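What you see is a predicted model, and the numbers here were worked out from it, not measured in a lab. Every heavy atom of this structure was used, including side-chain atoms; hydrogens, water molecules and symmetry mates were not.
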Amino acid sequence: MTARVLILFCTLFVASCAAFDFEDPKPQDYPIHGIDVARYQGDIDWHRVKKAGTEFAWIKATEGGDYLDPKFMENWTNAKAADVRRGAYHFYFFCRPVEDQIAWFIENVPVDPDALPPVLDMEWNGHSWCRERPGREKVLHDMDLFLRAMESHYGKRPVIYSSVDFHRDRLVGAKRGYDFWLRSVAAHPNRRYEDRRDWVFWQYTAKGRVDGIKGDVDRNAFHGSRRQWQRWLQGHRTR
C-alpha cells in the first residue's frame, strides 16, 4: 500500500468514526423507575402509583433541625402498604448545626429493615432565608458526621443527593464510598457532573406525571438492570 493510499484510507476511517454519533441513554432506557415526594404532592394514592410502574420512592422527612414534612408519616406508611420500596431523605440546612440535624432526623424517621437507605440531600439553600455557603472542608466534615450517624442508626449506608451547582462547588472527587443520586433535567448525568460516572440514581425531570398523584412529581431512574436493582436492595454496590 502506497503512502498516499494509506493516508486516504486513514482520513476516510476517521471521518466515518466522527460521523457515527453515540447517543446518551434516555430515561426510558433504564428499567427501574421511581419518584420522590413531599407535601407538595398532596394526598397520594399509593396503590395507583404502584400499578403505574413505580418501583421506589424517596419521601421527604426532615429539613434542618426543626422542620418535619407534614405528609411524611402518611406517605411513609401508605407507600409500604402499597408495596412501593421507600426511603426517607433529609434536606440539609447550612444555618443549623449538623448535630441538631442528625438528632432531628433520627427522632422523626423510624428504623425499618425494609426501607431503602436514608438520603442526605445536599444542595444550596436558595429557597430559604439561609445564605450560608460553607467551604468545601466544612461541608465534607459535617457530611461525614451526618452520614456516619445515619449508617450507625439505620444499619444501611446512606445515599447522597446533589444538584449540578452544589456538586460542582463542593463535591467533585469526594465521597467515593457512597452511592449518589443526581439531579440532571437538562442532559444525561455524565454530561453534567464532573468526575461522577459512578452515580446510582438519576432525577431526570421535575414535571413527571404518575397515576395516583395530582400534578407534577419528580421522576427518577436507577442506573442498572433489574438484576442489579435486586442486588442493590440487598446491600451490594452496583458501581
- Rounded to the nearest 0.5 Å, how far apart are CE of M143 and OH of Y178? 8.5 Å
- Note on the structure: Here the disulfide bond (SG atoms under 2.5 Å apart) pairs for residues 96-153, sequence neighbours left out, are C95-C130
- Query: Do the side chains of R133 and D169 get nearer than 4.5 Å, heavy atoms only?
  - Reply: yes
- Would you list the pairs meeting salt bridge (charged side-chain N to carboxylate O under 4.0 Å, His left out) in which at least one residue belongs to residues 142-151, sequence neighbours left out? K138-D142, D144-K175, E151-R157
- Query: Under the ring pair (Phe, Tyr, Trp, His ring centres under 6.0 Å) test, which residues partner F166, sequence neighbours left out?
  - Reply: F94, W124
- Task: Would you kindly check if the NZ (Lys) or CZ (Arg) of K60 is within the cone defined by 45 degrees around the ring axis of F91 and under 6.0 Å from the six-membered ring centre?
- Result: yes
- Query: Looking only at atom types and distance, does a side-chain atom of R196 sit under 3.5 Å from a main-chain N or O of A174, one as donor and one as acceptor?
  - Reply: yes
- Item | Any W199 side-chain heavy atom under 4.5 Å of N190 side chain | yes
- Note on the structure: Taken to the nearest 0.5 Å, the spacing of E63 CD from N125 CG works out to 7.0 Å
- Item | Distance-minimising heavy-atom pair for S162 and Y193 | O-OH, 3.2 Å
- Task: For residues R96 and D66, determine if any side-chain heavy atom of one lies less than 4.5 Å from a side-chain heavy atom of the other.
- Result: yes
- In short, disulfide bond (SG atoms under 2.5 Å apart) pairs touching residues 176-239 with sequence neighbours left out are none
- How would you list, by chain and number, every residue that makes a side chain to side chain donor-acceptor pair (under 3.5 Å) with H90, sequence neighbours excluded? T62, Q101
- Item | Non-hydrogen atoms of P158 and P117 that approach each other most closely | CA-CB, 4.3 Å
- What do the steps show when you test V139 against M122 for side-chain contact (heavy atoms from CB on, under 4.5 Å), and what is the final call? CA-CA 9 Å; V139 165; M122 299 298 297; 4.2 Å; yes
- Message: Please determine whether a side-chain nitrogen of the Lys or Arg among D112 and R86 lies less than 4.0 Å from a carboxylate oxygen of the Asp or Glu.
- Response: yes
- side-chain contact (heavy atoms from CB on, under 4.5 Å) between T54 and V210, worked out: CA-CA 8 Å; T54 304; V210 173; 3.7 Å; yes
- Item | Listed partners of H153 passing ring pair (Phe, Tyr, Trp, His ring centres under 6.0 Å), at least two apart | none
- Task: Quick one: do E74 and D43 satisfy side-chain contact (heavy atoms from CB on, under 4.5 Å)? Show the steps, please.
- Result: CA-CA 9 Å; E74 178 183 328; D43 295 330; 3.8 Å; yes
- Query: Between R170 and L140, is any pair of side-chain heavy atoms under 4.5 Å apart?
  - Reply: no
- Query: How far apart are the closest heavy atoms of L147 and I160, and which atoms are they?
  - Reply: CD1-CD1, 3.9 Å
- Could you state the interatomic distance from NZ (K50) to CG (D83), rounded to the nearest 0.5 Å? 4.5 Å
- Is the shortest heavy-atom distance from the side chain of E123 to the side chain of D165 under 4.5 Å? no
- Query: So, for K156 and P113, which heavy atoms are closest and what is the spacing to 0.1 Å?
  - Reply: NZ-O, 2.8 Å
- Task: Tell me, with the steps shown, if D195 and R176 meet salt bridge (Lys or Arg N to Asp or Glu O under 4.0 Å).
- Result: CA-CA 10 Å; D195 198 27; R176 289 295 188 198; 2.5 Å; yes
- Grab the two heavy atoms, one from W76 and one from A88, that are nearest each other, plus how far apart they are. CZ3-N, 3.6 Å
- Do the non-hydrogen side-chain atoms of D218 and I35 ever get within less than 4.5 Å of each other? no
- Query: Is the backbone of S184 close enough, under 3.5 Å, to the side chain of W202 for a donor and an acceptor to pair up by distance?
  - Reply: yes
- Query: What residues, two or more places apart in sequence or in another chain, satisfy salt bridge (Lys or Arg N to Asp or Glu O under 4.0 Å) together with D114?
  - Reply: K80
- side-chain contact (heavy atoms from CB on, under 4.5 Å) assessment of I213 paired with V49: CA-CA 7 Å; I213 298 176; V49 167; 3.8 Å; yes
- Message: Aromatic contact between W104 and F93, with the criterion being ring centroids under 6.0 Å apart: yes or no?
- Response: no
- Is it true that a side-chain atom of D29 and a backbone atom of K26 form a donor plus acceptor pair closer than 3.5 Å? yes
- Message: Would you say CD of E194 has more than 12 non-hydrogen atoms from neighbouring residues, nucleotides or ligands within 6.0 angstrom?
- Response: no
- Query: Do the side chains of I106 and V98 join up, straight or via other hydrophobic residues, at under 4.5 Å, putting them in one cluster?
  - Reply: yes
- Task: State which residues pass salt bridge (Lys or Arg N to Asp or Glu O under 4.0 Å) with R209; sequence neighbours excluded, sorted by chain then number.
- Result: D216
- Message: Is it true that, when you exclude R131 itself, more than 12 heavy atoms of the residues, nucleotides or ligands shown sit nearer than 6.0 Å to its CZ?
- Response: yes
- To the nearest 0.5 Å, atom CG of L182 lies from atom NE2 of H188 at 10.5 Å
- Looking only at non-hydrogen atoms, find the nearest pair between D69 and A38 and report the distance. OD2-CB, 3.4 Å
- Task: For H236, check ring pair (Phe, Tyr, Trp, His ring centres under 6.0 Å) against everything at least two apart and list the hits.
- Result: none
- Message: With rounding to the nearest 0.5 angstrom, report the CZ to CE distance, F146 to M150.
- Response: 4.0 Å
- Query: Side-chain contact, heavy-atom cut-off 4.5 Å: L145 with E99?
  - Reply: yes
- Are the side chain of Q228 and the backbone of S225 linked by a donor-acceptor contact shorter than 3.5 Å? yes
- To the nearest 0.5 Å, what is the distance between OG1 (T77) and CZ (F72)? 8.0 Å
- Assert yes or no for the condition that the ring centre distance of Y204 to H33 is strictly below 6.0 Å. yes
- Query: Do you see a donor-acceptor pair shorter than 3.5 Å between the side chains of N220 and D36?
  - Reply: yes
- Apart from F201 itself, what residues make up its hydrophobic cluster when side-chain heavy atoms of I, L, V, M, F, W and Y under 4.5 Å apart count as a link, directly or indirectly? I32, F56, W58, Y89, L116, V119, V159, Y161, W181, V200, F222, W229, W232, L233
- Task: Decide yes or no for P189 and R197: does some side-chain heavy atom of the first lie under 4.5 Å from some side-chain heavy atom of the second?
- Result: no
- Answer yes or no: does atom CD of Q28 have more than 12 heavy-atom neighbours from other residues, nucleotides or ligands under 6.0 Å? yes
- Shared ILVMFWY cluster between F105 and Y67, side chains joined below 4.5 angstrom? no
- Identify, with sequence neighbours excluded, every residue that meets salt bridge (Lys or Arg N to Asp or Glu O under 4.0 Å) alongside E55. R226
- Task: Report the residues that fulfil salt bridge (Lys or Arg N to Asp or Glu O under 4.0 Å) with D121, sequence neighbours left out, ordered by chain and then residue number.
- Result: none
